[in-house]
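Please read the structure below before turning to the comments.
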Amino acid sequence: MPRLSEVIAALENLWPAERAESWDAVGTVAGDPDQEVTRVLFAVDPVQEIVDEAVKLGADLLVTHHPLYLRGTTTVAASTFKGRVVHTLIKHDIALHVAHTNADTADPGVSDALAGALDLRVVRPLVPDPGDPEGRRGLGRICELDHPLPLREFAARAAARLPATAQGIRVAGDPEATIRTVAVSGGSGDSLFDQVRAAGVDAFLTADLRHHPASEARAHSPLALLDAAHWATEWPWCELAASQLDEISDRHGWDLRVHVSKTVTDPWTSHSPSPGAPN
């Protein structure tokens, strides 16, 4: 069985920490480098529900997309919800490793997984990484549909293919507009409108679109917007990442058992449509 340090080295090769944004907090949060690893769980959020799932599963390593501590802290007391996560991990000898913005821009990365879930063909990054001479890494992806679809049908595809959430898919644009090209970005994407407009795509699918940026984007051009739940746009990466580690495990003869959590950790739990609201 591999040691944690060996598995972490493989993960760091997939998502090098130096490619994370300067504000980010990635890498190993907890774990003994010499402990053996037999079972790994991938998830989006390092919340108590996921850690409890890792305990029940008997996992030795939890890999999440979101950091546990994005900002500094002065306590890991179990009386705090994040401190309780740390106590549970250590008590049960479960390591925690985070791949966040370094996984967003990877090749393949978070937006590749999102595009794959939607059956889109990736053409190039939306925001290329200047440090990648091959032009494959970067934030977001420019994609093409296999055949044109009305916006309403593409939105229905997104709602059906992404994990179910209370929000579903919010849409801005003419439902009958023809969609041939799409920009996608897993997670919060409304800082990317300039790059999306420059790409000349028909639609932009991302998460966490705010009122003013979305309103201004619609005023600028007929660009269609599809706003999905943050968690739903990033969960497909867990399956991609798990398959990458499975391949590494097979190559090294590690015989790891790799799992993906299907627990919905999107914070919104229900949706009540306004009477008479547009469908």
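Values below: every heavy atom of this structure, side chains too, minus hydrogens, waters and symmetry copies.
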Same hydrophobic cluster for Ile179 and Val122, using side-chain heavy-atom links shorter than 4.5 Å among ILVMFWY? no
Could you tell me if the side chain of Tyr69 sits less than 4.5 Å from the side chain of Val98, heavy atoms only? no
Take atom CZ in Arg71; do more than 12 heavy atoms of anything else shown fall under 6.0 Å from it? no
Glu49 and Thr265: side chain donor to acceptor below 3.5 Å: no
So does Ser79 get a backbone contact from the side chain of Arg84, meaning a donor-acceptor N/O pair under 3.5 Å? no
Are the side chains of Thr64 and Val44 in contact, using a 4.5 Å heavy-atom criterion? no
Which pair of non-hydrogen atoms, one from Leu256 and one from Asp246, has the smallest distance, and what is that distance? O-OD1, 4.3 Å
Is Arg39 salt-bridged to Asp60, cutoff N-O under 4.0 Å? no
Taken to the nearest 0.5 Å, the spacing of Leu114 CG from Asp104 CG works out to 11.0 Å
Any chance you could measure Leu162, atom CG, to Gln167, atom CD, to the nearest 0.5 Å? 11.0 Å
Salt-bridged, Arg157 to Glu153, with N to O below 4.0 Å? no
For the residue pair His66 and His100, categorise the inter-ring angle as parallel (less than 30°), tilted (30 to 60°) or perpendicular (more than 60°). perpendicular
Going by an N to O cut-off under 4.0 Å, is there a salt bridge joining Asp146 and Arg121? no
Any chance CG of Asp34 has more than 12 other-residue heavy atoms, nucleotides or ligands included, within less than 6.0 Å? yes
Is it the case that the side chain of Ser274 and the backbone of Ala277 share a donor-acceptor pair, with hydrogens and angles ignored and the cut-off at 3.5 Å? no
Can you tell me how far CD of Gln35 sits from CE of Met1, rounded to the nearest 0.5 angstrom? 13.5 Å
Rounded to the nearest 0.5 Å, how far apart are CD of Glu216 and NE2 of His220? 7.5 Å
Say whether Asp24 and Thr101, considering side chains only, have a donor N or O and an acceptor N or O under 3.5 Å apart. yes
Indicate yes or no: does Arg180 engage Glu144 in a salt bridge with an N to O separation below 4.0 Å. no
Using atom types as modelled and distance alone, determine if a side-chain donor or acceptor of Asp190 lies under 3.5 Å from a backbone N or O of Arg210. yes
Any side-chain heavy-atom pair of Arg161 and Pro236 under 4.5 Å: no
Could you tell me how the ring of Trp254 sits relative to the ring of His252: parallel (under 30°), tilted (30 to 60°) or perpendicular (over 60°)? parallel
Of all the heavy-atom pairs spanning Ala20 and Val26, show the shortest one and how long it is. CB-CG2, 3.8 Å
What closest approach, in Å, do Gly187 and Thr206 show between heavy atoms, and which atom pair accounts for it? O-OG1, 2.9 Å
Between CG on residue Leu245 and CZ on residue Phe42, distance to nearest 0.5 Å: 4.5 Å
On a heavy-atom basis, which atom in Arg141 and which in Gly138 lie closest, and how many Å separate them? NH1-O, 2.7 Å
Can you confirm whether Glu134 is buried at CD, in the sense that more than 12 heavy atoms of other residues, nucleotides or ligands lie under 6.0 Å from that atom? no
Given side chains that start at C-beta, do those of Asp32 and Asp93 come closer than 4.5 Å, heavy atoms only? no
For a quick check under 3.5 Å, do Thr263 and Glu53 share a side-chain donor-acceptor pair by atom type? yes
Report yes or no: does Glu234 contribute a side-chain atom to a donor-acceptor pair with the main-chain N or O of Val110 at less than 3.5 Å? no
Do the side chain of His87 and the main chain of Val76 share a donor and acceptor less than 3.5 angstrom apart? yes
Could you tell me the separation between the CG atom of Leu68 and the NE2 atom of His97, rounded to the nearest 0.5 Å? 13.5 Å
State which residue, out of Asp129, Asp112, Asp107, fulfils the salt bridge (Lys or Arg N to Asp or Glu O under 4.0 Å) condition with Arg136. Asp107
